[in-house]
2 protein chains.
Amino acid sequence: MARRISRKISNSTIHRLSIYYRALMGLEREGYDTISSKELAKREKLTPAQVRKDLSFFGSFGTRGLGYPVKELKQRIAEILGLNRLWNVAMVGVGNVGSALVSYKEFARQGFIIKLLFDNDQRKIGSNHKGIIISDIANMKSQLKENEITIVILTVPASAAQKVCDDIVEAGVKAILNFAPVSLKVPDDVNLLNENMAIELEHLSFSLTNRNMVMFD
Amino acid sequence: MARRISRKISNSTIHRLSIYYRALMGLEREGYDTISSKELAKREKLTPAQVRKDLSFFGSFGTRGLGYPVKELKQRIAEILGLNRLWNVAMVGVGNVGSALVSYKEFARQGFIIKLLFDNDQRKIGSNHKGIIISDIANMKSQLKENEITIVILTVPASAAQKVCDDIVEAGVKAILNFAPVSLKVPDDVNLLNENMAIELEHLSFSLTNRNMVMFD
DNA sequence: TAATTATTGTGAATGAATTCACATTAATTT
DNA sequence: AAATTAATGTGAATTCATTCACAATAATTA
């Protein structure tokens with residue numbers, strides 16, 4: 001039985017678990033049986049202490065003097081992240097971003113299966129997009145329930161996002177990945193994450209602009 | 001003249017500047033002249049103190065008793081983030097993700113102009129994608145220099161990413177947004193940011209899986 | 001124009017995340 | 001089988017980020 005988690009795990013730790021998971025996939029492919037926190041940290045530009053601390057929140061998976069067993073640790077992290085199962089995902093809004101994500105291999109590889117697509121554009125509704133028929137967003141609520149969708153990827157224009165989001169919440173969905181550049185309101189028990197690729201570019205532009213930071217005052 | 005920044009600004013603060021920037025665009029559209037830290041925080045689910053502290057790293061833009069002037073603060077944040085200019089961007093790898101991002105409106109709106117597209121697929125090279133001819137990745141290095149590209153968006157498969165990244169660095173590019181799910185090695189003076197949309201989904205799957213965290217040990 | 005109200009800007013206090021440092025323990029070598 | 005080496009797991013120390021709390025000050029009201 002998976003041990004329950006007692007402390008609040010920080011977002012950074014959760015994020016790094018995904019990074020470890022990817023590193024371990026690579027290590028497994030390269031034929032490693034074990035990996036030390038030192039080596040794992042080096043590969044991912046972290047510190048060994050951080051790797052060990054992160055993992056220690058969930059148990060002790062390593063062997064002193066040797067390191068962590070690659071296959072086993074990967075499997076344990078998959079369990080922790082909930083990747084040892086399939087997730088039914090729906091995508092709402094089949095524009096540029098949405099349509100690209102439908103065929104993003106990395107999703108399916110981790111068990112995120114895009115089951116339904118919704119749009120409000122009559123020209124798109126009924127058409128087949130990468131093997132999935134695009135449904136009318138007007139029928140979204142009932143279809144999300146019927147198909148037991150647990151995660152929704154929201155890729156509608158900013159102006160429509162809150163209204164659509166409300167419907168998703170009413171359908172009982174508890175996890176939403178929002179690509180619209182607006183701050184959405186959801187109840188406390190709904191997990192909302194915002195993704196905005198322009199913001200990452202802005203971070204780069206900040207770094208380039210403020211490159212030589214100088215002490216003076 | 002823009003004041004130089006004296007302390008190291010945290011990534012979270014930089015990220016929130018982008019959030020404030022978007023909020024201010026909305027407020028301007030809605031006709032607000034001024035906004036208090038209290039109201040801005042409420043809209044973005046932050047605390048008023050955090051808003052004020054973040055802004056205070058860069059100067060004092062507000063008026064006591066009144067708040068911040070919307071138009072002016074937006075303009076100041078644009079300057080800080082380096083959004084008061086155009087950036088020449090190239091995209092390397094025109095697969096699913098790459099081709100979607102080319103027409104992602106939010107980029108152009110913030111001044112990130114995609115000037116060049118590269119791929120190694122002979123069927124794609126020479127073809128016109130949303131008004132831009134896809135070039136042979138073999139010519140990338142010289143073309144990045146000639147076109148004064150300062151930011152590269154890297155959307156090639158993981159297996160090719162490090163090799164392509166090395167070439168980008170050799171071309172003198174100092175900012176890379178990497179979508180490949182691998183940890184890339186770059187020199188210290190190159191800004192590398194990793195974006196991985198599957199990781200966000202994994203965060204959601206973690207939250208759903210570990211929903212009722214229980215204290216016990 | 002004095003009193004009141006609203007809100008900033010910021011040191012100080014608190015809280016959270018990271019790193020240190022070392023006792024512990026398993027593997028390997030001699 | 002003892003000695004040595006390597007690496008974990010984790011409290012304690014440190015560093016970093018957030019929040020508190022209030023003096024300062026501008027706007028508004030009386």
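Lettering of chains follows the sequences in order, A, B, ..., and the numbering in each one begins at 1. Only a predicted model underlies this, so the values are computations on that prediction, with no experimental measurement involved.
- Within 4.0 Å (heavy atoms only), A/T13 reaches no atom of the nucleic acid at all.
- Nucleotide C/dT10 holds its P atom 16 Å from the CD atom of B/Q50, rounded to whole Å.
- DNA chain C is contacted by both A/S10 and B/L55; B/L55 maps to the nucleotide lying nearer its 5′ end (nearest heavy atom per residue).
- In this structure, B/K45 places its NZ atom where more than 12 heavy-atom neighbours from other residues, nucleotides or ligands lie under 6.0 Å away.
- Rounded to an integer number of Å, the gap from CG of A/D54 to P of C/dA16 is 17 Å.
- Under 4.0 angstrom from either OP1 or OP2 of D/dA26 there lies no side-chain N or O belonging to B/Y68.
- Although no hydrogens or angles enter the test, the distance criterion places a donor-acceptor pair under 3.5 Å between the side chain of A/N210 and the main chain of B/I80.
- In this view, B/Y104 and B/F107 satisfy the ring-ring contact (aromatic ring centres under 6.0 Å, His included) rule, not counting sequence neighbours.
- Ring planes of A/F58 and B/F206: perpendicular class, angle over 60° (limits at 30 and 60°).
- Between A/K38 atom NZ and D/dT5 atom P there is a gap of 14 Å when expressed in whole angstrom units.
- Shown here for B/A180 and B/V156, the closest heavy-atom pair between the two residues is CB-O, 3.6 Å.
- Regarding A/F58, its CZ atom lies at a distance of 18 Å from the P atom of D/dT8, rounded to whole Å.
- In this structure, the CZ atom of A/F57 is 15 Å from the C1' atom of D/dT8, given to the nearest Å.
- Distance CG (B/L17) to C1' (D/dA17): 15 Å, rounded to an integer number of Å.
- B/R76 has no carboxylate O lying under 4.0 Å from a charged side-chain N of B/E72, or vice versa, which leaves the two without a salt bridge.
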Strictly under 4.0 angstrom, non-hydrogen atoms only: write out the protein contact profile of nucleotides 20-30 of chain C, one letter per nucleotide from the 5' end, B, S or -. BB-BBBS----
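- Under 4.0 angstrom from either OP1 or OP2 of C/dT7 there lies no side-chain N or O belonging to B/S37.
- Put simply, CZ on A/F61 is 17 Å from C1' on D/dA7, counting in whole angstrom units.
- We find that CD1 of A/I35 is positioned 10 Å from P of D/dA7, with the value rounded to whole Å.
- A/N88 and A/T150 form no side-chain donor-acceptor contact under 3.5 Å, judged by distance and modelled atom types alone.
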